[in-house]
Visitor: 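What follows is a structure written as structure tokens; I'll ask about it next.
Side chains included, hydrogens not; waters and symmetry mates left out as well; all remaining heavy atoms used. Proteins get letters first, then strands, A, B, ... in listed order; numbering begins at 1 in each.
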Number of protein chains: 2
Amino acid sequence: MVEVTALTKEEAEHCPVRSVLTRVTGKWQMLILLALEGDELRFGALKRKIGDVTQRMLTENLRTLERDGHLTRTVHAGPPLAVSYALTPQGLSLVGVLKPLVFWAAEHFDAIDASRVKVDAAKA
Amino acid sequence: MVEVTALTKEEAEHCPVRSVLTRVTGKWQMLILLALEGDELRFGALKRKIGDVTQRMLTENLRTLERDGHLTRTVHAGPPLAVSYALTPQGLSLVGVLKPLVFWAAEHFDAIDASRVKVDAAKA
DNA sequence: CAGAATCCGACATGATACTG
DNA sequence: CAGTATCATGTCGGATTCTG
């Protein structure tokens, strides 16, 4: 079994599992990983594919994901300058456990939304 | 297929999948859900089980998870006042897709940490 | 016991402008 | 094209105090 709770404050801050999870469950990381599943994309293409993400956030998150070994950054000599990003085997494997979560969210959204409406109505 | 990217700014803000995910991938929600797998816990017990979480954050996140129908809040007449929390079938199902992610993180931490060390060394 | 209310600092994110 | 630098802002989260 993997323990992620029942930790002291010190243990929690150094918890390996939490350190991995906090870096893939942010607002953009998951979207980036999913966007790269299947194809290697250049910076601009990736930005367009995600749609709503600023250059700054995309760059920052790509660096973090690269540092953790989830993707690779390849510079193709220019001009024009081109940089492409692709999932590593590890990143692909990560996407494999991320997708079920996304599918789950899609499947259960109706029920969740109904719950929200119901709860909000009850306390209103 | 489920689309979560290639959205306009407007679409993204109302994206159902993202609205579900942002509420379960925070710093505490996942830990709360995992802590409740198996047993129904009272507020204090839950707080102790997670270890490092303030009353405020626990309360706040429990309310959100309750609103989304992932767990139930039951008040047992006091005194002393007792309130217990338990996963709903939906919440249990959610934990089912969350755990693989946690296991994945545990399994791959060594490789990820090695990657971090390597990358940091390269640019230093 | 299980919260609610308040204050506050840290960080994440956005917008914008500039560069090799 | 693919960033970097800077500034502004809003939310997250911790600490503390108070209550039925």
Visitor: Should the pair D68(A)-R63(A) be classified as a salt bridge under the 4.0 Å nitrogen-to-oxygen rule?
Guide: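 R63(A) and D68(A): not salt-bridged.
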
Visitor: Looking at DNA chain D, which of residues 22-30 of chain A put a heavy atom within less than 4.0 Å of it?
Guide: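 Within residues 22-30 of chain A, no residue comes under 4.0 Å of DNA chain D.
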
Visitor: Heavy atom of residues 61-70 of chain B under 4.0 Å from DNA chain D: which residues?
Guide: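 Hits under 4.0 Å, by residue number: none.
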
Visitor: Can you tell me the distance, in whole Å, between the CD atom of E60(A) and the P atom of dT4(D)?
Guide: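 In whole Å, dT4(D) P and E60(A) CD are 10 Å from each other.
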
Visitor: If you look only at distance, which donor and acceptor atoms sit under 3.5 Å apart when one is on a side chain in residues 82-95 of chain B and the other is two or more places apart or in another chain?
Guide:
from   : atom 1 : to      : atom 2 : distance (Å)
S84(B) : OG     : E40(B)  : OE2    : 2.8
S84(B) : OG     : H76(B)  : NE2    : 2.8
Y85(B) : OH     : R73(B)  : NE     : 3.3
T88(B) : OG1    : G69(B)  : O      : 2.7
T88(B) : OG1    : H70(B)  : O      : 3.1
T88(B) : OG1    : Q90(B)  : N      : 3.4
T88(B) : OG1    : G91(B)  : N      : 3.0
Q90(B) : OE1    : H70(B)  : ND1    : 3.0
S93(B) : OG     : W104(A) : NE1    : 2.5

Visitor: From the options dA2(C), dA15(D), dA2(D), select the nucleotide whose nearest atom is closest to the side chain of L81(B).
Guide: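 So the nucleotide nearest the side chain must be dA2(C).
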
Visitor: Is R73(A) close enough to dG3(D) that one of its side-chain N or O atoms is under 4.0 Å from OP1 or OP2 there?
Guide: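 Yes.
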
Visitor: From the set dG3(D), dG14(C), dA2(C), return the single nucleotide nearest to any side-chain atom of Q55(B).
Guide: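 The nucleotide sitting nearest to the side chain is dA2(C).
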
Visitor: Spell out, as yes or no, whether a donor-acceptor pair under 3.5 Å connects the side chain of S115(A) to the backbone of A111(A).
Guide: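 Not a single qualifying donor-acceptor pair exists.
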
Visitor: Quick check: does any side chain N or O of T22(B) sit under 3.5 Å from a backbone N or O of R18(B), one acting as donor and the other as acceptor?
Guide: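 Present.
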
Visitor: Grab the two heavy atoms, one from I50(B) and one from A35(B), that are nearest each other, plus how far apart they are.
Guide: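 That would be CG1-CB, 4.3 Å.
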
Visitor: Does a side-chain heavy-atom distance below 4.5 Å link L58(A) with T54(A)?
Guide: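 Counting from C-beta outward, L58(A) and T54(A) never come under 4.5 Å.
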
Visitor: Could you tell me the separation between the CZ atom of R48(A) and the C1' atom of dA2(D), rounded to a whole number of Å?
Guide: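 Whole-Å distance recorded here is 12 Å.
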
Visitor: What nucleic acid atoms does R56(B) come within less than 4.0 Å of, heavy atoms only: base, sugar-phosphate, or nothing?
Guide: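 Base contact - R56(B) has a heavy atom under 4.0 Å of at least one base atom.
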
Visitor: Any side-chain to backbone donor/acceptor pair from K47(A) onto V53(A)? Under 3.5 Å, distance only.
Guide: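 Flag set: sc K47(A) to bb V53(A) pair under 3.5 Å.
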
Visitor: Measure the distance from CE on M57(B) to P on dA15(D) and round it to the nearest whole Å.
Guide: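 That distance rounds to 11 Å.
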
Visitor: What integer distance in Å separates L46(A):CG from dG3(D):C1'?
Guide: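 Between C1' of dG3(D) and CG of L46(A): 14 Å.
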
Visitor: Can you tell me the distance, in whole Å, between the NZ atom of K47(A) and the P atom of dG14(C)?
Guide: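 So the NZ-P distance, K47(A) to dG14(C), works out to 11 Å.
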
Visitor: Return the value, rounded to whole Å, for the distance between atom CZ of F43(B) and atom P of dG3(C).
Guide: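 One finds 5 Å between P of dG3(C) and CZ of F43(B), rounded.
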
Visitor: Between K27(A) and D52(A) (salt bridge meaning N to carboxylate O under 4.0 Å), is one present in this structure?
Guide: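 No, no charged N to carboxylate O under 4.0 Å.
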
Visitor: Can you measure R18(A) atom CZ to dG13(D) atom P for me and round it to whole angstrom units?
Guide: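 In whole Å, dG13(D) P lies 12 Å from R18(A) CZ.
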
Visitor: Donor-acceptor check, side chain of N61(A) to backbone of M57(A), threshold 3.5 angstrom: yes or no?
Guide: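 Yes: the side chain of N61(A) pairs with the backbone of M57(A).
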
